[in-house]
Every structure is written in structure tokens, then in C-alpha cells.
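Down below is the structure, laid out as C-alpha cells.
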Amino acid sequence: MSSSLTSAVSDFATRFSGQLLQPTDSGYEDARRVHNGLIDKRPALILRCRGVADVVEAVNFARSLNLEVAVRGGGHNVAGRATVDAGVMIDLSLMKGIYVDPKAGTARAMGGATWGEYNRETQLHGLATTGGVISTTGVAGLTLGGGWGYLHGQYGLAVDNLRSVQLVLADGRVVTASEDDNADLFWAVRGGGGNFGIATSLEYNVHPVGPSVIAGMVAFPFAKARDTFRFYRDMTAEAPDELSSWAAVVHGPDGSKLAVIIVCYCGPLTSGEGAVKQIKGFGPPLLDIIGPMPYVSVNQLFDAGFPKGALNYWKSSFLSSLTDDVIDAVIDWYSGVPSPMSGIVFEHWHGAATRVPIAETAFPHRGIGYNLLLASEWTNAADTPRNIAWAREGFAAMQRFVASRRYVNYLDDDEAGDPAAEAYGPNYTRLRQLKAKFDPTNVFHVNQNIRP
Ligand SMILES: Cc1cc2nc3c(=O)[nH]c(=O)nc-3n(C[C@H](O)[C@H](O)[C@H](O)COP(=O)(O)OP(=O)(O)OC[C@H]3O[C@@H](n4cnc5c(N)ncnc54)[C@H](O)[C@@H]3O)c2cc1C
């Protein structure tokens with residue numbers, strides 16, 4: 001580090017109440033790591049903020065020295081956009097405050113909270129907001145990119161539940177974005193990711209959910225995968241809003257391949273039992289753990305399958321439709337999967353999330369249908385080339401089935417073409433105009449970047 005940078009850092013440290021980590025500090029190695037073990041970046045500085053004033057100081061400091069800025073919420077982004085080589089990681093993971101106001105039907109989470117932490121607090125009051133299916137995923141990053149999860153059919157995506165966001169902008173100003181304040185910015189952050197500022201807190205609508213819901217998984221032998229996915233297609237075509245689901249080919253604990261259907265019915269238990277009857281009748285399954293369970297447990301059911309530090313490489317796109325040919329191609333591709341941790345997933349998008357007009361928020365994917373995700377996951381670095389090749393080649397083979405619509409939160413870091421254009425579709429032009437207004441010099445570019 002140059003002597004001028006050293007003295008700038010010492011001066012900055014007097015104004016910063018958080019934890020400042022440089023490469024030689026103890027704790028740096030742990031703090032620089034994100035969820036995806038494939039990401040191995042070394043920021044010059046990690047600024048672990050304790051509050052909004054720290055975030056303001058951090059943004060002003062990085063900008064004044066022209067250092068690249070990465071923002072870390074939950075650190076789950078597979079493309080590793082929470083960190084950066086030689087720049088500043090503004091890390092919100094110490095900012096975990098969550099305040100629930102049951103009377104008002106709202107909850108506010110600070111920018112470093114995870115969905116497990118959010119659900120724990122909101123469920124104290126029997127309330128919830130649509131969040132991710134894995135509890136360790138960050139509230140902020142998932143929401144700002146859209147936010148699909150078990151409640152989306154009934155209550156919309158995470159973005160559809162946002163009431164307001166407090167942001168630190170590129171020039172260091174602290175602003176609120178809501179329908180009443182900075183409405184254009186509020187439109188942009190509902191899907192535009194971290195492009196517009198650092199979300200220090202996010203305020204949501206909360207809904208009565210649980211404490212127990214009907215949820216879980218049924219698993220069938222891989223040999224029945226074709227029938228399982230055909231059944232899944234028929235079942236989802238009739239699914240009520242309360243029943244959200246995904247289906248996948250995965251490996252079981254004994255190493256055998258399986259076809260699975262995972263559901264969550266967020267309405268009353270008795271109606272839920274009726275809604276899953278059809279699934280329970282399709283069989284016989286190898287395993288059926290669908291039944292009443294606490295909503296917080298549903299959010300943790302598959303955490304063990306996504307351990308921190310495992311190596312991840314994902315490819316994903318919305319499907320034009322879930323035809324027999326897609327089903328056969330997915331089963332065929334999964335037959336040659338090199339890692340038992342990998343899966344190919346069909347996510348069903350439906351209900352309230354698909355009734356929001358495309359132009360109402362920056363998030364544009366409002367059609368009923370399926371998102372296809374090839375999630376390659378492994379642990380041994382020596383296996384990296386073949387696991388990446390499996391996802392890449394599989395995705396190339398699926399190109400004849402996919403729509404030119406992609407979910408920004410699942411993009412990896414080596415996407416060809418202009419992935420932001422595919423991620424934002426008809427809303428891209430307006431997003432670029434707003435980026436030019438709120439971040440004209442592109443301070444926040446370590447993300448799926450919307451160029452001003
Ligand atoms: C195991 C796993 C499961 C997942 N499950 C789901 C799921 O069920 N549904 C779904 O929709 N997505 C899911 N995702 C994708 C997830 O939405 C994205 O990875 C998302 O980016 C994670 O947000 P984060 O805060 O954890 O990530 P980070 O890596 O911290 O950040 C991701 C992006 O958001 C920006 N960002 C983060 N926090 C802030 C902030 N406070 N202010 C401004 N910008 C910020 C970052 O700069 C970065 O560009 C999953 C991902 C993984 C790895």
C-alpha cells in the first residue's frame with residue numbers, strides 16, 4: 001500500500017466506527033470469503049459498517065480515492081459481486097437489525113440481514129414476507145434483484161412487498177425511496193440490484209403465515225423422472241396461489257439420482273392438506289416428508305445442500321414452456337452430471353408475482369412459467385473444469401428451449417452478450433436513464449451492471 005493510501009486509511013479510521021480490515025489483519029481471510037468458494041478475491045480494504053453513518057463514510061472514502069466499490073449483503077451472489085480485487089468491500093454483514101411492527105403490518109431489516117434472521121423475527125408474530133428458500137441468503141441482494149420464494153404465488157416477489165428503502169447514494173447522500181419519496185428511484189431499486197445505491201434498510205409488508213404450513217418434499221427414483229416432471233407440469237398448471245413449488249433432479253444421501261418435488265402451501269393447514277393430496281397420491285415415492293412444519297424450518301430444509309465455501313457455477317434462463325422435449329433434455333443432461341451436489345431445477349413462477357404489470361417495477365419477468373437453473377456445485381478444486389463445463393455445455397444444449405429472459409440474481413460472472421439487457425428486457429432503457437441520474441459515474445458497478 002502506498003504511503004499516501006496508508007495515511008488516508010489512518011485518517012478514515014478516525015471517522016469509522018465499524019471494523020476496518022486490511023490483508024494482514026486477523027479476520028481478513030474469513031471476512032473476504034463469500035458463499036461461493038470459487039470466488040477468491042482480495043479487496044485492499046474491507047469496511048464492516050455498523051450503521052448508516054459508517055456506510056456514508058465508506059462510500060465517500062472509496063470515491064475520493066477512486067477505489068472500486070463492492071457491496072456485501074448476505075454474500076450469496078454466485079457471480080461473487082459482493083467482493084472485488086484491490087478495491088473496497090463495503091460489508092453490511094454486521095448490520096442485522098430487524099424491527100417488526102405487527103400493528104402496522106410492516107417489518108424493517110437492515111442491509112446485512114439474512115432470510116433466516118428475518119423469518120425468525122417476523123415469525124414471532126406469525127408474519128412473513130416472500131424471501132429465498134435457503135435461510136443464509138441475504139435479504140438485501142435477493143430483494144433488490146427480484147426475490148422468488150415460497151410465498152411468491154400468494155404475496156408476490158420480495159420486491160413486490162417493499163414499502164420503502166433507505167439508500168446511501170454514490171455521492172454519499174442518504175435518501176428514502178418509496179411511492180411518496182423519490183418514486184423513480186423506488187421503481188429502479190425494485191429489480192435494479194445494487195446499481196443505484198447501498199440499501200442500509202428495507203421496509204416490507206408482512207403477512208400472516210404459519211407458524212406451521214404444509215410443506216416439504218417428495219422424492220421418486222430417477223427412472224421415474226420423466227413421469228414426475230410431466231405430473232409436475234400438470235399439477236402446477238392448476239396450483240392455487242398459496243401453493244408454490246420447485247422440482248429438480250438431484251442426488252439423495254445414498255448417492256442415487258432422484259427426481260423431487262418441493263412445495264409450500266402458505267394458507268390454512270386444512271386447505272393445504274387438500275392442495276397436496278394429488279402430489280401425495282402420485283407415486284409411490286421413495287420419500288414423502290410433506291406435512292405440517294414450522295415456516296422457519298421450511299426455510300432451512302435445504303441449507304445443508306448449499307454449504308458456505310462449496311464451489312458453485314450456475315446457468316439459468318426462463319423457459320418458453322415446459323415441453324416433453326425440455327424434460328427429456330434435462331434428464332438426459334443430468335445423467336452425466338459429474339458432482340452429486342449439482343442439480344437441475346424447474347422453478348414455478350405464478351400467482352401474485354405474475355399479476356404485476358411489467359412496467360410497474362424494474363423487475364420485468366411477470367409471465368406464468370418456469371425458470372430453468374443448472375446449479376453446478378462441488379467441493380474439490382481439481383474438479384472445477386469439468387463441473388463448469390457440465391453447466392456451460394448443458395445450458396448451451398438447452399438454448400433451443402429458453403426464452404430470452406433471464407433472472408438477474410442467478411447470472412454468473414462470465415455471461416456472454418449483454419446479460420443485463422436480457423435480465424431487464426423492456427425496462428432496461430428506463431433503468432439506464434435512472435442510472436445516469438443517480439450514479440452517473442458508475443460508482444456502483446460491481447454488480448450485474450446497468451451502464452449509465
Ligand atoms: C444457495 C443459494 C440459494 C438461493 N436461493 C434463492 C431463492 O430462493 N430465490 C431467489 O430469488 N434467489 C435465490 N438465490 C440468488 C440470490 O437472490 C442472489 O444470489 C442474491 O444476489 C443474494 O443476495 P445477497 O445479499 O446474499 O448477496 P451479495 O453477494 O451480498 O450481493 C449480491 C448483489 O447485491 C448487491 N447488494 C447486496 N446487499 C446490498 C445492499 N444492502 N445494498 C445494495 N446492494 C446490495 C451486491 O452488491 C451484489 O451486487 C440463491 C442463491 C444461492 C447461492
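These numbers come from the heavy atoms of this one structure, side chains and all, not from hydrogens, waters or symmetry mates. When a ligand or atom number is given, it counts from 1 through the structure's own listing order.
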Purely on distance, is any nitrogen or oxygen of [X] under 3.5 Å from one on ligand 1?
X	result
V133	yes
H35	no
V71	yes
Q448	no
V139	no
G141	yes
G138	yes
N409	yes
Y407	yes

Next on the checklist: Does any part of the side chain of H251, heavy atoms only, come nearer than 4.5 Å to the side chain of V337, both counted from C-beta?
Outcome noted: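 Yes, at least one pair of side-chain atoms sits under 4.5 Å.
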Any idea how [X] and [Y] line up, ring-wise: parallel (<30°), tilted (30 to 60°), or perpendicular (>60°)?
X	Y	result
W390	W333	parallel
F196	F438	perpendicular
W349	F363	parallel

Close-contact set for ligand 1 against [X] heavy atoms, below 4.0 Å:
X	value
A82	28 (P), 29 (O), 30 (O)
L92	41 (N)
R72	30 (O)
N447	49 (O)
A140	38 (N), 39 (C), 40 (C), 41 (N)
F306	1 (C)
G73	25 (O), 30 (O), 37 (C), 38 (N)

For the aromatic rings, using the six-membered ring if either is Trp, is the centroid distance between [X] and [Y] under 6.0 Å?
X	Y	result
W246	F302	yes
F229	Y232	no
H152	Y150	no
Y407	H365	no

Measure [X] to ligand 1 on non-hydrogen atoms and call it side chain, backbone, both or neither using the 4.0 Å cut-off.
X	answer
L167	neither
F444	neither
Y150	neither
L142	both
V446	backbone

Checklist entry - Knowing that exactly one of Y118, W115, Y204 qualifies, which makes a side-chain hydrogen bond (donor to acceptor under 3.5 Å, both in side chains) with T129? => result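 The side-chain hydrogen bond (donor to acceptor under 3.5 Å, both in side chains) with T129 is passed solely by Y118 among Y118, W115, Y204.
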Which protein heavy atom lies closest to [atom], and at what distance to 0.1 Å?
atom	result
atom 7 (C) of ligand 1	W148 O, 3.5 Å
atom 27 (O) of ligand 1	H76 N, 3.2 Å
atom 21 (O) of ligand 1	N77 ND2, 3.2 Å

Proximity flag [X] to ligand 1, non-hydrogen atoms under 4.0 Å:
X	result
G145	no
G149	no
V34	no

Checklist entry - Is any side-chain N of the basic residue among E393 and R386 closer than 4.0 Å to the acidic one's carboxylate O? => result no
Item to check | R108/D101 salt bridge by N-O under 4.0 Å criterion | outcome: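 No salt bridge links D101 with R108.
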Checklist entry - Short question: side chain of D288, backbone of V218 - any donor-acceptor pair under 3.5 Å? => result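 Checked: no pair found.
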Checklist entry - Just wondering, more than 12 heavy atoms not from R432 lying within 6.0 Å of its CZ? => result yes
Item to check | R173, CZ atom: more than 12 neighbouring heavy atoms under 6.0 Å | outcome: no
Item to check | Option whose closest heavy atom lies nearest to atom 44 (N) of ligand 1, chosen from S316, G194, A199 | outcome: G194
Next on the checklist: Considering W314, Y410, F302 one by one, which has a heavy atom nearer to atom 51 (C) of ligand 1 than any of the others?
Outcome noted: W314
Checklist outcome for this item: Rounded to the nearest 0.5 angstrom, the CD-OG distance for Q166 and S178 is 12.0 Å
Checklist outcome for this item: dist D184:CG -> L434:CG (nearest 0.5 Å) comes out at 5.0 Å
